[in-house]
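Step one of this worksheet: look at the structure below.
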Amino acid sequence: MAREAAGRPPEETLSLWKREQARLKALLVDRDTEAWQRDPAFSGLHRVGGVDVSFVKGDSVRACASLVVLSFPELQVVYEESRMVNLTAPYVAGFLAFREVPFLVDLVRQLQEKEPGLMPQVLLVDGNGVLHHRGFGVACHLGVLTELPCIGVAKKLLQVDGLENNALHKEKIRLLRAGGDTFPLTGGSGTVLGMALKSHSCSTKPLYISVGHRISLEVAVRLAQRCCRFRIPEPVRQADIRSREHIRKTLGHLGPPAPGQERSQAQSPKACPKGGLGEAADP
DNA sequence: GCGACAG
DNA sequence: ATCTTGTCGC
């Protein structure tokens, strides 16, 4: 019945997927299209969305897809939908979208039907945009299919087009000082594919931001940073937290025996000095 | 055989 | 992506 989602697909499938990526890439818009994007204070921006997919431990098929919408600039969750899904495609680097995007599109469609007034004005996506083997990562894919502005937010550098997580790269990371500091990720062709962003004043690892759809890289970076209470932008972080929680509540006590011990952690994951929400000061 | 490998 | 315990600080 439920087909496996493991094992590498045949070369023929990958070739079809590549053609699909190339086809959709022609529809990608890699510049600002919204008025709020031109405003230095993002006035006019009220709703930011986040999506994520979490997985069930020993299961290669079952997963939970989540879409959340947060108010901006308050970053309060105003909408959430989490749904168990059956994955059909395996994870193959460079083809993440074929595994996750169909379910995310469904979630956006459902929101459009039930609460169109809560449709996010921009979506932060876990993964890359144009910082991708063929310039069309999951954030581009979701953006083109939904026509929503999208931003790619990756936690690890995808080493493509000459980009390497080498000593030089690590040195550049070390030189990032304040939250909001960045350096460009320039591919072999000389094109800037994305930006490394120190999203929080006290986080060692940067975020790798790239254009998904209908937004410029500069605005994408600024917005991602303004969405950060911690290292991970709040929309993506909330989608992640809530999709795991949904899994736990749905099939939490059917396998791994878990003694109960509730915790409250409404605040910082690791804790870091303090500050309004951004920078350092200069005496 | 070795290294890469978003999530 | 997933698993995991403690540790430190407010």
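If you're wondering where the values come from, they're calculated on a predicted model, not measured in any experiment. Values below: all heavy atoms of this structure, side chains included; hydrogens, waters and symmetry mates excluded. Here is the naming used below: chain letters follow the sequence lines, and residue numbers restart at 1 for every chain.
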Roughly how many Å is it from [atom1] in [X] to [atom2] in [N], rounded to a whole number?
X        : N     : atom1 : atom2 : answer
A/Asp59  : B/dG7 : CG    : C1'   : 16 Å
A/His133 : B/dA4 : NE2   : P     : 13 Å
A/Lys205 : B/dA6 : NZ    : P     : 11 Å
A/Leu185 : B/dA6 : CG    : P     : 15 Å
A/Lys155 : B/dA6 : NZ    : P     : 11 Å
A/Ile247 : C/dA1 : CD1   : C1'   : 10 Å
A/Asp240 : B/dG7 : CG    : C1'   : 11 Å
A/Leu96  : B/dA4 : CG    : P     : 21 Å

Under 4.0 Å, counting only non-hydrogen atoms across every strand here, what does [X] touch: a base, just sugar-phosphate, or nothing?
X        : result
A/Phe55  : sugar-phosphate
A/Phe95  : base
A/Gly94  : base
A/Arg244 : sugar-phosphate
A/Val53  : nothing
A/Asp126 : sugar-phosphate

(request) State whether A/Glu245 and A/Arg248 are salt-bridged, where the test is any N-O pair (Lys NZ or Arg NE/NH1/NH2 against Asp/Glu carboxylate O) under 4.0 Å. (result)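 Salt bridge flag = yes for A/Arg248 with A/Glu245.
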(message) Any carboxylate oxygen within less than 4.0 angstrom of a Lys/Arg side-chain nitrogen, looking at A/Asp126 and A/Lys155?
(response)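 Looking at A/Asp126 and A/Lys155, the cut-off is met.
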(message) Does the structure show A/Tyr91 stacking with B/dG7, if we require the centres to be closer than 5.5 Å and the planes to be within less than 30 degrees of parallel?
(response)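 Ring-base stacking flag set for A/Tyr91 and B/dG7.
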What is the distance from atom [atom1] of [X] to atom [atom2] of [Y], rounded to the nearest 0.5 Å?
X        : Y        : atom1 : atom2 : value
A/His133 : A/Gln159 : NE2   : CD    : 10.0 Å
A/Arg19  : A/Arg134 : CZ    : CZ    : 14.0 Å
A/Phe95  : A/Glu100 : CZ    : CD    : 15.0 Å

(request) Quick one: stems involving DNA chain B, counted as three or more successive Watson-Crick or G-U pairs, both distances short of 3.5 Å. (result)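 DNA chain B forms no stems at all.
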(request) Please indicate whether A/Glu12 has more than 12 foreign heavy atoms, meaning atoms of other residues, nucleotides or ligands, lying under 6.0 Å from its CD. (result)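 Counting neighbours around CD of A/Glu12, 12 or fewer heavy atoms of other residues, nucleotides or ligands fall under 6.0 Å, so no.
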(message) For DNA chain C, please output the secondary structure as dot-bracket, reading 5' to 3'. Pairs are Watson-Crick or G-U wobble, both atom distances under 3.5 Å; mark crossing pairs with [ ], other-strand partners with |, unpaired with a dot.
(response) ..........
(request) Please determine, by modelled atom types, if A/Ser66 and A/Asp52 share a side-chain donor-acceptor pair under 3.5 angstrom. (result)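 On atom types as modelled, these side chains do not qualify, holding no pair under 3.5 Å.
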(message) Looking only at the side chain of A/Ala154 (C-beta and beyond, no hydrogens), which of the listed nucleotides B/dA6, C/dA1, B/dA4 gets closest?
(response)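 Per side-chain heavy atoms of A/Ala154, the pick is B/dA6.
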(request) Apply the test side-chain contact (heavy atoms from CB on, under 4.5 Å) to residues A/Met84 and A/Arg62: give CA-CA distance (whole Å), side-chain angles for both, the deciding distance (0.1 Å), then the verdict. (result) CA-CA 7 Å; A/Met84 294 303 302; A/Arg62 298 273 281 165; 4.0 Å; yes
(request) Could you tell me whether the side chain of A/Arg214 and the main chain of A/Arg31 form a donor-acceptor pair under 3.5 Å? (result)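 Pair absent, no side-chain N/O of A/Arg214 close to backbone of A/Arg31.
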(request) Pick the C1' atom in C/dT2 and in B/dC5, then give their distance to the nearest Å. (result)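 Each nucleotide's C1' atom is 16 Å from the other's.
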(request) I would like to know whether A/Leu67 and A/Leu123 meet side-chain contact (heavy atoms from CB on, under 4.5 Å); could you show each step before the answer? (result) CA-CA 9 Å; A/Leu67 164 65; A/Leu123 224 38; 4.0 Å; yes
